[in-house]
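Whatever order the structure lists ligands and atoms in, that order sets their numbers, starting from 1.
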Amino acid sequence: MSNMVGVLGAGQMGNGIAHVFAQREYEVRLYDVFPAQIEKALKTIEKNLGRQAEKGLIPAESVPAILGRITVVKDLSGFADCGLVIEAATENETLKLDLFRKLDEAVNPGAILATNTSSIPITKIAAATKRPDKVIGMHFMNPVPVMQLVEVIRGLATSDATFQTVAGLVEKLGKTMAVSQDYPGFIVNRVLMPMINEAIFVLYEGIATAEDIDKGMKLGTNHPMGPLALADLIGLDTVLAILTVMYDGFKDPKFRPCPLLVKMVNAGYLGKKSGRGFYQY
Ligand code: NAD
């Protein structure tokens, strides 16, 4: 596979994915439809690399070279020569299907097209392309430079060769893979989202404050963060989108999003990224 990796979408996940590939000596091409997002992403990557250097995790003198391996491209044609493109745009099915149709046209036919979707069927995204055998889910966790896991999801048509290449890449990134079949929410969100949603119901029903809910789960079950703080970190729009995909996908009321979550997203309270969610930032 070519050493060039495209990252489509420079939000919180896209910047982390660009960061880890550049750190492992891949040439990264980064694109976002909003130039302001690119600027923010590059600043975030620089800040996070600085933090890693301060902690002694990487040599400080390696930072400029890592940053130098990230090139911003102005449209999808900038991904033409990539061996792999990872899509990390907003969690919206119509948008992702459209992006994969365009990626399929823009990127050399031998390249693997991966999606970081949290919940949208890989099989459906793959079917929007003429290379469904080369489409796969690479679901990184947030924050990408810190979290060890990559969920790898095979669509119905994903080939063994594609899967083996991606498994090798995960190892080269120094991360660990968990393999999931392609059903809504895969492994991690299938288990995590109902818990977050239930925590929001506990708040909605006036049973406890956000602080006490999070305290309960942190100190009572040894979670490193409470479910509401985690929801703020993930982004409440993303949480709602994932729950909606699982609700629609399984037709099971256990995945119905809490009305308070819907209301907060309608208000633009999206969590940390917008400055306000269950907490103020
Ligand atoms: P985000 O809102 O931070 O970033 C999304 C980015 O996509 C934005 O910068 C936006 O400008 C860009 N975008 C939107 N339309 C685009 C287009 N047409 N072309 C190019 N860029 C476009 O969201 P995020 O949290 O980074 O999530 C991105 C993906 O990663 C989603 O599929 C999400 O489900 C998944 N994911 C999120 C988390 C999390 O904790 N936030 C964890 C794992 C996976």
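- When non-hydrogen atoms are compared, ligand 1 lies under 4.0 Å from the side chain of L8 (C-beta onward) but not from its backbone.
- Residue Q12 places at least one N or O, backbone or side chain, under 3.5 Å from an N or O of ligand 1.
- Across the listed options V239, N189, V33, V33 owns the non-hydrogen atom lying nearest to atom 19 (N) of ligand 1.
- By the neighbour-count criterion of 12 heavy atoms within 6.0 Å, atom CZ of F250 is densely surrounded, having more than that number from other residues, nucleotides or ligands.
- By heavy-atom distance, the residue among N92, N116, T115 lying nearest atom 30 (O) of ligand 1 is N116.
- Considering A89, S118, G16 only, the shortest heavy-atom separation from atom 31 (C) of ligand 1 involves A89.
- The atoms of ligand 1 that sit less than 4.0 Å from any heavy atom of F34 are 11 (O).
- With distances taken over non-hydrogen atoms, the option nearest atom 6 (C) of ligand 1 out of V144, T117, D32 is D32.
- At least one heavy atom of K96 lies less than 4.0 angstrom from ligand 1.
- Distances between N or O atoms of E91 and those of ligand 1 include at least one value under 3.5 Å.
- Below 3.5 Å of separation, one finds an N or O of I234 facing an N or O of ligand 1.
- Residue contacts with ligand 1 for T90 involve both N, CA, C or O and side-chain atoms from C-beta outward (heavy atoms, distance under 4.0 Å).
- If you look at M13 next to ligand 1, the close heavy atoms, those under 4.0 Å, come from the backbone and the side chain alike.
- Contacts with ligand 1 closer than 4.0 Å are made by side-chain heavy atoms of L95 only, the backbone lying farther away.
- With a 4.0 Å heavy-atom cut-off, ligand 1 is reached by the side chain of Y31 but not by its N, CA, C or O.
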